[in-house]
Amino acid sequence: MPPKDIAIVGAGLAGLACAKTLAAYDVRVRLFDKGRGPGGRMATRRVEAEGHVLNFDHGAQYLTAHGAPFAAVLDAARAQEWPDAGRMVGVPRMSSVPRALAEGLDIDLVRHVTAITGAPRAWYLHHLDARLVRPDRPLPTQKPEVEGPFDAVLLAVPAPQAQALLQDPAPHLAGVLQAVRFEPCWSLMLAFPERLNLPDTLRLDNGPIGWAARDSSKPGRDASLELWVVQGGPEWSREHLELTPQQAGDRLLEAFLQLAALQGQGTPPPPPFFSAAHRWRHALVEAPLGAPCLWDATLGLGAAGDWCIGARAEAAVDSAAALVDAIRSA
Ligand SMILES: Cc1cc2nc3c(=O)[nH]c(=O)nc-3n(C[C@H](O)[C@H](O)[C@H](O)COP(=O)(O)OP(=O)(O)OC[C@H]3O[C@@H](n4cnc5c(N)ncnc54)[C@H](O)[C@@H]3O)c2cc1C
């Protein structure tokens, strides 16, 4: 019999899409995410600087729907075209898309899941306050909270994190995930006091910058602000992955100001009044799993995410749909 009481780790697009569809089939679903809001890599960073509220889409830049399921997600979230026909963004922020999907779902936020214990049909999740967990440091020694039992646990987290969580309860599933690889990405958020002489989007093949976009040119944004998101190219981001955010941000800013000066016929652009860099260790899928999802019906353990299929947000939703189909046919 298909499971009726399911925990999902990860409230990005894949986890949310799984939860939404399962809930429609009357399955009890609880989501756990370490973030302060749902959405994962479809993220928007909100900051206050110089009396302004600044929102930056510092993860996914634009979305394309090739199939009906993702088109329906974009439609329901009232996403709009940018920068041209066929490419879409969340309005007024990229995070509006996952937030629309999250409506009505039971999500525990700021919970970092550290382990899955138990046995088939009776799994327990161990989780800590995510504010205590520092990336690249050993887990803190606080006693985790334990939730369960759940009939099934689904992992909708990037493959390396799914691999770590599956290692004890399902080493055969963890092993399969070893082949999946991601490109990293340094993402720099900039606010300028005046408009730069640049087009709204730039894609570059050489040098540190891979992509730059005038975030404030997207529909529903405050067009009186001059906000930019500048992303390091995959090679540059990989080579400079272990810089501090300050160091990586300074280097990307220098390259971006040079670019803006060149386009402005040598006139140097003004310095930004806000600048912050974010490191995405697992940004875009480089080598996918090559299967739409993972599901072991005997154990009641599964996984979904963009990394099953490919390097686009749509892949996360398609993977979630494949996982729900697999669960329901169990
Ligand atoms: C810089 C960047 C640019 C991109 N540009 C584009 C683009 O232009 N177009 C496009 O289509 N796609 C783009 N993408 C990719 C797109 O964002 C992803 O394909 C999509 O968001 C993946 O969704 P997901 O649900 O599979 O994973 P995620 O969004 O990564 O969701 C995983 C969730 O799991 C949570 N989590 C992880 N570990 C744990 C744990 N132990 N406990 C609790 N929670 C946990 C995370 O907090 C996160 O919310 C970009 C991504 C990045 C980072």
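This is a predicted model, so every value here is computed, not measured. Because only heavy atoms are used, hydrogens play no part in the values below, and waters and symmetry mates are left out as well, while side chains stay in. Remember, it's 1-based here, ligands and their atoms both numbered in the order they're listed.
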Checklist outcome for this item: Ranked by distance from atom 14 (N) of ligand 1, the top protein heavy atom is Leu284 CD2, 3.4 Å
Item to check | ligand 1 atoms in contact with Met42 (distance to a heavy atom under 4.0 Å) | outcome: 21 (O)
Item to check | Best match, Phe182, Tyr62, Trp186, Phe70: closest heavy atom to atom 7 (C) of ligand 1 | outcome: Tyr62
Next on the checklist: Between Lys143 and His126, is there a side-chain heavy-atom distance shorter than 4.5 Å?
Outcome noted: no
Next on the checklist: For a quick check under 3.5 Å, do Trp82 and Gln80 share a side-chain donor-acceptor pair by atom type?
Outcome noted: no
Item to check | Ligand-side contact atoms (ligand 1) for residue partner Gln161, heavy atom cut-off under 4.0 Å | outcome: 37 (C), 38 (N)
Next on the checklist: So, taking the atom named CZ in Arg251 and the one named NE2 in His240, what distance separates them when rounded to the nearest 0.5 Å?
Outcome noted: 5.0 Å
Checklist entry - For atom 4 (C) of ligand 1, which candidate among Ala60, Pro160, Ala320 provides the closest heavy atom? => result Ala60
Checklist entry - Under 4.0 angstrom from ligand 1, any heavy atom of Ala156? => result yes
Item to check | Non-hydrogen atoms of Phe256 and Ala212 that approach each other most closely | outcome: CE1-CB, 4.0 Å
Checklist entry - Any idea which atoms of ligand 1 are less than 4.0 Å away from a heavy-atom of Gly10? => result 33 (C), 34 (O), 35 (C)
Next on the checklist: With a heavy-atom distance limit of 4.0 Å, tell me whether Leu16 approaches ligand 1 through its side chain, its backbone, both, or neither.
Outcome noted: neither
Checklist outcome for this item: atom 35 (C) of ligand 1 has as its nearest protein heavy atom Asp33 OD2, 3.3 Å
Checklist entry - Charged N to carboxylate O under 4.0 angstrom, Glu147 versus Arg111? => result no
Checklist entry - Which protein heavy atom lies closest to atom 42 (N) of ligand 1, and at what distance to 0.1 Å? => result Val113 N, 2.9 Å
Next on the checklist: In terms of relative ring orientation, are His278 and His58 parallel, tilted or perpendicular, with 30° and 60° separating the classes?
Outcome noted: perpendicular
Item to check | For atom 44 (N) of ligand 1, the protein heavy atom that lies nearest, with its residue and separation | outcome: Lys34 N, 3.1 Å
Item to check | Nearest non-hydrogen partners of Pro270 and Pro193, listed with the distance | outcome: CB-CG, 3.9 Å
Checklist entry - Going by atom types only, do Gln231 and Trp186 share a side-chain donor-acceptor pair under 3.5 Å? => result no
Checklist entry - So which of Ile209, Asp215, Leu259 actually passes side-chain contact (heavy atoms from CB on, under 4.5 Å) with Val230? => result Ile209
Item to check | atom 51 (C) of ligand 1 [closest protein heavy-atom partner, distance rounded to 0.1 Å] | outcome: Ala283 O, 3.6 Å
Item to check | Check: Gly305 N/O within less than 3.5 Å of ligand 1 N/O | outcome: no
Item to check | Option of least heavy-atom distance to atom 19 (O) of ligand 1 (set: Val89, Asp306, Val317) | outcome: Asp306
Checklist outcome for this item: Of all protein heavy atoms, the one nearest atom 1 (C) of ligand 1 is Gln231 NE2, 3.4 Å
Checklist entry - Can a non-hydrogen atom of Ser319 be found less than 4.0 Å from any atom of ligand 1? => result no
Checklist entry - Got an N/O contact under 3.5 Å between Leu13 and ligand 1? => result yes
Checklist entry - Is it the side chain, the backbone, both or neither of Val9 that has a heavy atom closer than 4.0 Å to ligand 1? => result side chain
Item to check | Per-atom contacts, ligand 1 versus His112 - under 4.0 Å to a heavy atom | outcome: 41 (N), 42 (N)
Item to check | Heteroatom distance test (Gln61, ligand 1): nitrogen or oxygen, under 3.5 angstrom | outcome: yes
Checklist entry - For Arg41, which residues count as a salt bridge (charged side-chain N to carboxylate O under 4.0 Å, His left out) partner, sequence neighbours excluded? => result Asp306
Checklist entry - With the 4.5 Å side-chain cut-off for hydrophobic clustering, are Leu105 and Ile8 part of the same group? => result yes
Item to check | ILVMFWY cluster membership beyond Trp307 - transitive side-chain contacts under 4.5 angstrom | outcome: Val9, Phe32, Val113, Ile116, Trp123, Leu125, Phe150, Val153, Leu155, Val157, Leu165, Leu166, Leu173, Val176, Leu177, Val180, Phe182, Val285, Leu289, Leu294, Leu299, Leu301
Checklist entry - atom 11 (O) of ligand 1: which protein heavy atom is closest, and how many Å away? => result Ala313 N, 2.8 Å
Checklist outcome for this item: On a heavy-atom basis, the closest approach of Pro2 and Arg328 is CG-O, 3.9 Å
Checklist entry - Considering only heavy atoms, does Arg111 approach ligand 1 within less than 4.0 Å through its side chain, its backbone, both, or neither? => result backbone
Next on the checklist: Any nitrogen or oxygen of Arg41, side chain or backbone, less than 3.5 Å from one on ligand 1?
Outcome noted: yes
Next on the checklist: Any heavy-atom pair between the side chains of Trp211 and Leu202 that's under 4.5 Å?
Outcome noted: no
Next on the checklist: Asp57 and salt bridge (Lys or Arg N to Asp or Glu O under 4.0 Å): which single residue from Arg45, Arg93, Lys218 fits?
Outcome noted: Lys218
Checklist entry - What is the closest protein heavy atom to atom 25 (O) of ligand 1, and at what distance does it sit? => result Ala14 N, 2.9 Å
Checklist entry - For ligand 1, which atoms sit closer than 4.0 Å to a heavy atom of Gly39? => result 29 (O)
